[in-house]
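Nothing here was measured: the structure is a model prediction, and the numbers come from that model.
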Amino acid sequence: MRKRKDLTAENESAGAEKNDFSRGSVSGNILSLAIPMTLAQLINVLYSVVDRIYIGHIPDASTQALTGIGLTLPIITIITAFANLFGMGGAPLCSIARGKKDYKRAASIMGTSFSMLLVSGIILMAACYIFKKPVLYLFGASDATYPYADDYISIYLVGTLFVMISLGMNSFINSQGFGKTGMATVMLGAVTNLVLDPVFIFVFHMGVRGAAAATVISQGISALWVLRFLTGEKAILKLDKKNIKIKWDLVKEISALGLSGFVMAVTNGSVQIMCNATLARYGGDLYVGIMTVINSVREIINMPVNGITNGAQPVMGFNYGAGEYGRVKSAIKFTTVSCIAFTCVAWALIFFAPEFFIRLFNSDPALISQGVPAMKIYFFGIFMMALQFSGQSTFVALGKSKQAVFFSIFRKVIIVIPLTLLLPKLSGLGANGVFLAEPVSNFIGGTASFVTMLITVMPVLSKKDTAAGR
């Protein structure tokens with residue numbers, strides 16, 4: 001037994017040296033994770049976006065079916081929020097523990113996160129089944145769109161545990177430096193979904209139920225892949241039976257750090273609910289369908305930004321734990337510039353070719369006509385969103401959970417939701433007021449988050465770097 005423990009320690013030490021983010025180029029370390037993670041984000045987006053693309057082109061019922069799927073997005077977002085709470089909350093703590101070479105603590109964090117993902121997944125699935133009908137109508141469903149929303153979510157919920165495992169635990173694969181393996185997690189499921197979607201929807205004539213069934217099967221494959229890797233020999237930190245138990249002191253730490261991603265996802269879901277309900281009031285089902293398309297395009301745009309910031313977090317956290325504060329500053333600068341550059345390019349593409357993006361999801365002339373100006377309003381100045389992501393990811397990576405949570409709440413709850421309710425009533429803006437709330441929140445929230453990070457984090461890092469003699 002002693003010999004086995006020694007070998008395990010040697011393997012962990014060797015793995016730690018292999019993925020030592022305190023060595024080499026900071027930008028290279030970030031990109032080594034960010035590129036596969038961005039590809040993984042791209043593939044992950046395919047899970048839901050591909051469903052909407054196929055459903056939006058179902059003959060004779062495309063717009064109503066697409067709108068019905070859009071009504072389920074807040075539920076899916078909330079499920080994702082709990083995966084973020086325990087997955088993205090535990091992964092940065094693992095990176096910091098690895099930087100300090102405290103492998104026992106890192107393994108305990110991963111095991112506790114896994115247990116909490118399972119428990120929360122079961123509770124969520126039960127609650128959603130019980131309250132799905134009143135909830136969907138609350139979210140803006142009409143008698144015409146409810147059947148489509150009900151068909152989709154009733155099957156999707158079967159795979160709740162698959163989502164929790166594949167999404168939540170994949171963060172621990174990435175945090176150990178296995179970005180390509182993390183990408184493969186999502187790729188396996190997404191490719192399966194891409195293949196099964198048209199078969200179930202069009203060949204078997206299952207419609208939206210077919211899209212949901214394909215998604216559940218795909219998520220199940222991803223979950224199995226994650227479990228196989230984390231219990232296998234290649235993992236630095238293994239998911240061991242002795243660690244799969246809830247340690248409440250760690251739950252508190254994990255939840256505190258994951259609360260930022262959780263709040264961001266929950267507030268996103270809340271904004272979706274408010275937007276759909278308000279749009280249903282001012283524009284009807286057509287405008288709820290437009291918002292579904294806009295949310296889908298936003299997911300595509302957010303993908304590389306999420307990939308870069310998620311790739312930077314393990315590098316920041318590791319170097320912070322290792323006392324390499326100058327490298328942390330370099331990582332923050334690289335992340336910020338990269339995110340701003342990408343979102344500026346995305347803004348230009350949407351401004352000059354909005355119809356192209358809409359036609360990916362639907363060809364209804366009425367939806368295209370009203371959707372083009374809506375997209376130009378919604379995505380105006382989207383580069384400011386990059387500042388929000390950069391500032392917030394820095395807070396998360398360095399374990400500053402309170403600041404990360406505050407700015408999640410600030411942009412969505414304090415700015416977007418009130419504006420979504422208020423702007424449609426001003427100067428006859430109507431539905432356009434709902435779309436205008438997003439760019440206003442990006443400018444205010446992005447500036448507040450990033451400037452606060454510059455004022456509170458960068459001077460401290462500089463002081464510690466000087467004290468360390470670097």
Side-chain angles (χ1 to χ4, degrees), residues 16 19-22 26 29-30 33 81 83-113 116 168 171-172 174-177 237 247-265 306 308-336 388-410 449-450 452-465 467-468:
N19 293 315
D20 188 342
F21 299 131
S22 65
V26 171
N29 282 332
I30 293 175
L33 291 178
N84 289 341
L85 178 62
F86 302 114
M88 295 180 68
L93 289 178
C94 271
S95 292
I96 293 172
R98 281 189 61 230
K100 295 179 179 179
K101 302 188 185 303
D102 190 349
Y103 304 115
K104 182 178 179 180
R105 171 178 164 81
S108 294
I109 291 170
M110 184 167 65
T112 298
S113 295
M116 292 305 297
S171 297
F172 290 91
N174 290 321
S175 73
Q176 295 179 45
L237 300 172
K247 295 186 176 180
W248 294 107
D249 57 330
L250 291 180
V251 170
K252 184 177 180 180
E253 290 185 58
I254 292 167
S255 299
L257 196 54
L259 197 58
S260 169
F262 175 80
V263 170
M264 180 175 283
N306 281 327
I308 294 169
T309 54
N310 289 341
Q313 284 180 18
V315 177
M316 290 183 196
F318 187 99
N319 282 287
Y320 188 73
E324 297 287 345
Y325 305 111
R327 292 175 67 84
V328 178
K329 291 192 295 181
S330 296
I332 293 171
K333 293 174 184 177
F334 177 80
T335 301
T336 303
Q388 172 85 19
F389 275 73
S390 181
Q392 195 154 318
S393 66
T394 300
F395 289 131
V396 171
L398 303 187
K400 299 181 182 298
S401 58
K402 291 182 180 179
Q403 293 92 326
V405 171
F406 172 78
F407 286 108
S408 291
I409 296 173
F410 179 71
S449 175
F450 190 73
T452 302
M453 185 273 293
L454 290 179
I455 294 173
T456 61
V457 173
M458 296 299 274
V460 173
L461 292 175
S462 296
K463 185 177 180 180
K464 288 185 176 183
D465 194 35

Original post:
Is the closest side-chain heavy-atom distance between Arg105 and Leu250 below 4.5 Å?
Top reply: yes

Original post:
Should Thr309 and Gln392 count as side-chain neighbours, where that means a heavy-atom distance under 4.5 Å?
Top reply: no

Original post:
Should Ile409 and Phe406 be marked as a side chain to side chain contact (heavy atoms under 4.5 Å, CB included) after you check the CA-CA gap, both sets of side-chain angles, and the distance that decides it?
Top reply: CA-CA 5 Å; Ile409 296 173; Phe406 172 78; 5.8 Å; no

**OP:** Enter the distance from Ile30:CD1 to Thr335:OG1 here, rounded to the nearest 0.5 Å.
**Re:** 4.0 Å

Subject >> Asn174 side chain reached by Asn310 side chain, heavy atoms, under 4.5 Å >> reply: no

Original post:
Any side-chain heavy-atom pair from Leu93 and Glu253 closer than 4.5 angstrom?
Top reply: yes

Original post:
Atom CD1 of Ile96 and atom CG of Leu398: how far apart are they, to the nearest 0.5 Å?
Top reply: 7.5 Å

**OP:** For residues Pro92 and Leu257, report the shortest heavy-atom separation together with the two atoms involved.
**Re:** CB-CD2, 3.6 Å

Subject >> Verdict with supporting geometry, Phe450 and Thr336, side chain to side chain contact (heavy atoms under 4.5 Å, CB included) >> reply: CA-CA 9 Å; Phe450 190 73; Thr336 303; 3.4 Å; yes

Subject >> Between OG on residue Ser330 and CG on residue Asn29, distance to nearest 0.5 Å >> reply: 11.0 Å

**OP:** Evaluate side chain to side chain contact (heavy atoms under 4.5 Å, CB included) for Ile332 paired with Met453, printing each intermediate quantity in order.
**Re:** CA-CA 10 Å; Ile332 293 171; Met453 185 273 293; 3.7 Å; yes

Subject >> Parallel, tilted or perpendicular: rings of Phe407 and Phe410 (30°, 60°) >> reply: perpendicular

**OP:** May I ask you to decide if Gly87's main-chain N or O and Ser113's side chain share a donor-acceptor pair within less than 3.5 Å?
**Re:** no

Original post:
Atom CD1 in Ile109, atom CZ in Phe86: separation rounded to 0.5 Å?
Top reply: 14.0 Å

Original post:
Under 3.5 Å, is there a donor-acceptor pair between the side chain of Gln176 and the main chain of Leu237?
Top reply: yes

Original post:
Closest approach of Cys94 and Ser175, non-hydrogen atoms and distance?
Top reply: CB-OG, 4.1 Å

Subject >> Check: Phe318 main-chain N/O paired with Glu324 side-chain donor or acceptor under 3.5 Å >> reply: no

Original post:
How far does OG of Ser390 sit from CD1 of Ile308, to the nearest 0.5 angstrom?
Top reply: 10.0 Å

**OP:** Check Asn84 against Phe262 and note the closest heavy-atom contact, atom names and distance.
**Re:** CB-N, 4.3 Å

Subject >> Closest heavy-atom pair and its distance - Ser108, Lys247 >> reply: OG-NZ, 3.2 Å

Original post:
Roughly how far, to the nearest 0.5 Å, is OG of Ser393 from CD of Gln313?
Top reply: 5.5 Å

Original post:
Is a donor on one side and an acceptor on the other found under 3.5 Å between the side chain of Ser255 and the backbone of Lys252?
Top reply: no

**OP:** Given side chain to side chain contact (heavy atoms under 4.5 Å, CB included), test Thr456 with Phe395 step by step and report yes or no.
**Re:** CA-CA 10 Å; Thr456 61; Phe395 289 131; 3.8 Å; yes

